[in-house]
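No experiment lies behind these values; they were computed from the predicted model shown. Labels below follow one simple rule: chain letters A, B, ... track the order of the sequence lines, proteins then strands, and each chain is numbered from 1. These values consider heavy atoms only, across backbone and side chains, with no hydrogens, waters or symmetry-generated copies.
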Protein chains: 2
Amino acid sequence: MADIAAEAHVSVKTVSRVVNHEPGVRPDTAERVRGVIERVGFRRGDSGATLRQGRTFTIGLVVEDLADPFYSHISAAVEREARIHRYLLVTASAEGSPTRERSVLKGLVARRVDGLVVVPAGETPVADPTVIASRTPVVYLDRPVRSETAVDTVLSDNLGGIRSAVEHLVAHGHRRIGFLGDSPDVWTARQRREGFVATLRDLRLPGTPLVAMGPHTPETVRTALTRWTSGADPVTAVITGNTRVTIPALTSLHAWATQLSFVAYDDFELSDVVEPAATVVHQDPAAMGQKAAQQLFARLLGDEGPAQTFVLPTRLIVRASGAPRRPARDVRNVSAS
Amino acid sequence: MADIAAEAHVSVKTVSRVVNHEPGVRPDTAERVRGVIERVGFRRGDSGATLRQGRTFTIGLVVEDLADPFYSHISAAVEREARIHRYLLVTASAEGSPTRERSVLKGLVARRVDGLVVVPAGETPVADPTVIASRTPVVYLDRPVRSETAVDTVLSDNLGGIRSAVEHLVAHGHRRIGFLGDSPDVWTARQRREGFVATLRDLRLPGTPLVAMGPHTPETVRTALTRWTSGADPVTAVITGNTRVTIPALTSLHAWATQLSFVAYDDFELSDVVEPAATVVHQDPAAMGQKAAQQLFARLLGDEGPAQTFVLPTRLIVRASGAPRRPARDVRNVSAS
DNA sequence: TTGTATGCGTTATCAT
DNA sequence: ATGATAACGCATACAA
């Protein structure tokens with residue numbers, strides 16, 4: 001900036017004024033300065049300004065895995081919201097490790113991001129002393145965090161979602177339903193399991209709930225399905241607890257295609273192409289990311305209200321997979337021959 | 001930091017030394033300083049350091065759409081590489097618009113990112129004067145950019161990939177093959193189209209090449225397939241040019257399932273679950289992102305060598321969809337009855 | 001309308 | 001081993 005000033009024979013302050021579109025500069029002076037800026041290709045660096053005014057116009061996002069569709073949609077939504085406010089987004093993966101999470105949070109705080117959206121890796125208060133001390137506004141997403149002080153949180157309606165799945169299957173006449181959940185380490189997986197069990201109870205379905213928590217592979221799914229379908233009271237439908245379960249499950253489900261109905265928690269690309277087209281519980285990760293970012297920006301804009309928790313609704317997208325299976329035509333032919 | 005210094009009865013410089021683990025501090029002094037730091041919960045802010053040493057330890061990534069699996073895998077890989085070097089990653093979507101791309105690039109440059117990985121929206125030299133002037137190292141990814149000066153570029157072997165797809169189909173006896181490409185606005189789509197045509201020519205396959213460029217919807221795919229399968233010399237196989245084409249195409253391909261083989265460019269989740277399991281040309285977005293980031297860090301670490309272009313190989317993952325279709329059993333039964 | 005002095009938090013230089 | 005001071009690039013307050 002000093003270079004520009006020298007070149008245009010004005011003071012740095014005048015250049016600053018021009019760059020920031022401040023009033024009080026004679027048009028021709030401004031023009032001259034702009035000319036030089038254009039010629040040299042100058043851009044104001046925010047580092048100085050940041051230092052001076054203590055704001056970086058950058059927010060941070062911490063997720064488990066950027067490559068996971070669920071998180072990538074969240075990430076895209078948060079970035080979009082940030083762009084609306086002319087903010088930039090720094091993204092970091094914690095890879096499910098609380099340790100790594102702490103370390104990336106420290107990095108983010110050191111960079112003095114103005115705010116944070118965090119999908120907490122563990123439930124232990126990520127409310128790291130570092131973050132607390134920095135007084136950086138934080139919005140938690142997808143999972144709550146235990147904390148003495150209330151914190152802004154955006155959740156999905158896991159209980160309602162799983163309930164809609166069970167009710168859908170029951171409406172189709174299913175009475176014996178299995179639940180394939182993700183690892184019990186994951187809060188949402190536990191929530192859905194509990195929701196599943198609670199719904200069965202509320203609906204007074206007979207028998208003990210059939211639950212197989214993950215992490216799952218095609219093999220573990222096959223084992224569970226074999227067990228569930230071979231007893232005296234075989235399951236006729238299963239619910240997969242999230243996409244990480246649905247993907248390996250779909251392979252195995254094929255083998256039971258003629259007997260088992262299913263509902264998948266989380267929509268997925270090609271959900272309408274697989275056979276049968278998958279009925280899914282759709283939670284809108286884009287909406288979740290957007291809501292979290294909006295709440296964060298409300299804070300950044302001065303909202304001092306009490307911490308809030310938002311629970312976003314899920315939507316059951318009905319396709320074919322929830323309906324009772326009929327023996328496929330070729331199978332019938334084979335057995336008839 | 002000054003507070004710490006006062007509290008510990010040392011100079012700021014000494015505190016700085018302790019914080020940065022610089023040598024030349026007496027152990028007991030260091031210990032005392034650390035104690036105070038611990039007590040007041042101090043964290044060095046990078047803004048001052050950035051200002052002083054002109055480095056942000058942050059790199060920027062510009063892609064089209066963070067939610068697109070291709071880009072989200074790239075993004076995850078770049079972020080991972082950044083983390084290895086203890087850098088942070090700022091991601092921004094250009095949404096395919098050169099205008100927006102310029103604007104996000106300006107934002108990134110203003111933040112003084114130390115380097116950039118850019119998936120260019122257009123082919124017009126994104127080599128924006130702003131970026132040039134900032135002398136920020138840039139690595140282009142997935143698509144080249146026309147520029148007077150050579151620039152580091154990481155590409156995928158589009159020609160080789162499409163060739164492997166065609167050859168695979170030809171090896172399975174197909175002679176009449178259609179190509180469903182993405183919008184011709186996209187460089188990679190054009191590359192693959194050209195590669196397709198060139199391969200047909202090299203293999204001396206008869207007839208004019210059948211090409212339908214996008215953007216595609218299930219309808220446009222259906223129209224093309226209807227046309228191609230209804231003539232005197234019907235196609236027996238199609239190639240989809242990328243995932244944005246494969247997804248809508250899969251819906252329509254179902255209707256032709258008994259006649260058409262296919263190979264999809266780009267692997268996709270569930271590629272082995274769809275029926276028939278999809279043979280795909282796999283370009284490894286994670287490897288691409290990693291390579292680009294590695295090249296960028298090489299530059300950041302002082303590599304002054306001439307600009308390089310890397311062309312990463314693709315891999316044909318053979319599943320079932322490339323083999324000639326036989327009438328499915330149930331269809332045969334029906335026609336026999 | 002324009003310019004000068006000062007400070008933001010940190011590190012580098014050069015003392016002591 | 002430690003400290004005083006300048007400097008980084010910009011914006012704020014104030015002066016001219």
Quiz item: Tell me, for nucleotides 9-16 of chain C in 5' to 3' order, what letter each nucleotide earns: B for a base near a protein heavy atom under 4.0 Å, S for only sugar-phosphate near one, - for neither?
Solution: BBBB----

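Proximity of Pro69(B) to Thr243(B): side-chain heavy atoms (C-beta onward) are nowhere separated by under 4.5 Å. In this structure, the side chains of Thr50(A) and Arg55(A) stay at 4.5 Å or more apart for every pair of heavy atoms.
Annotation: Arg80(A), atom CZ; neighbour count of heavy atoms from other residues, nucleotides and ligands within 6.0 Å does not exceed 12.
If you take CD1 of Ile4(A) and C1' of dC10(D), they are 14 Å apart, rounded to a whole angstrom.
Ion pairing between Arg34(A) and Glu38(A) fails under the 4.0 Å rule for side-chain N and carboxylate O.
End-to-end axis angle of the helix from dT1(C)-dA16(D) to dT16(C)-dA1(D), using five pairs per end and rounding to 10°, comes to 40°.
Checking side-chain atoms of Ser147(B) against main-chain N and O of Ala150(B) turns up no donor-acceptor pair under 3.5 Å. Judged purely by atom type and a 3.5 angstrom limit, Arg135(A) has no side-chain atom pairing as donor or acceptor with the backbone of Ile132(A). For Asp284(B) (side chain) and Ala287(B) (main-chain N/O), a donor-acceptor pair under 3.5 Å exists by modelled atom type.
Between Thr14(A) and the phosphate of dG3(C), there is a side-chain N or O to OP1/OP2 separation shorter than 4.0 Å.
Sorted by first and then second residue, the pairs that involve residues 290-309 of chain B and meet ring pair (Phe, Tyr, Trp, His ring centres under 6.0 Å), not counting sequence neighbours, are His85(B)-Phe297(B), Tyr87(B)-Phe297(B).
Residue contacts for Thr50(A): at a heavy-atom cut-off of 4.0 Å it reaches no nucleic acid atom on any strand shown.
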